[in-house]
Amino acid sequence: MSISKEQAAAICYREINKPNPDWPDMPELVVVRVDERERSWVAHYQSKPWVESGDFS
């Protein structure tokens, strides 16, 4: 891979947390897992409040 797992997670974090005019009160999103594939990384993410509390509301 040309980038490391940590670099892939950091890039994903930046992209998923860009301001979204369609969702102005969007919570912070966090990368919870990064899987390596043959030619890419697959990043899994959730909202930070859910990761910290496990509460869906």
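M26 and K18 get closest at one heavy-atom pair: CE-O, 3.9 Å. Nearest heavy-atom pair across K5 and V34 is CE-O, 3.1 Å. When all heavy atoms of I3 and I11 are compared, the closest pair comes out as CD1-CD1, 4.0 Å.
V42 and V51 fall into different hydrophobic clusters, where Ile, Leu, Val, Met, Phe, Trp and Tyr side chains are chained together by heavy-atom contacts under 4.5 Å.
Atom CD of E28 and atom CD of Q46 lie 13.0 Å apart (nearest 0.5 Å). The structure places CG of L29 at 11.0 Å from NZ of K48, a figure rounded to the nearest 0.5 Å. One distance of note links OG of S2 with CZ of R39; it measures 12.5 Å at 0.5 Å rounding.
With contacts defined as side-chain heavy-atom distances shorter than 4.5 Å, the pair Y45/E15 does not qualify.
In this structure a side-chain-to-backbone donor-acceptor pair under 3.5 Å is missing from W41 to Q7.
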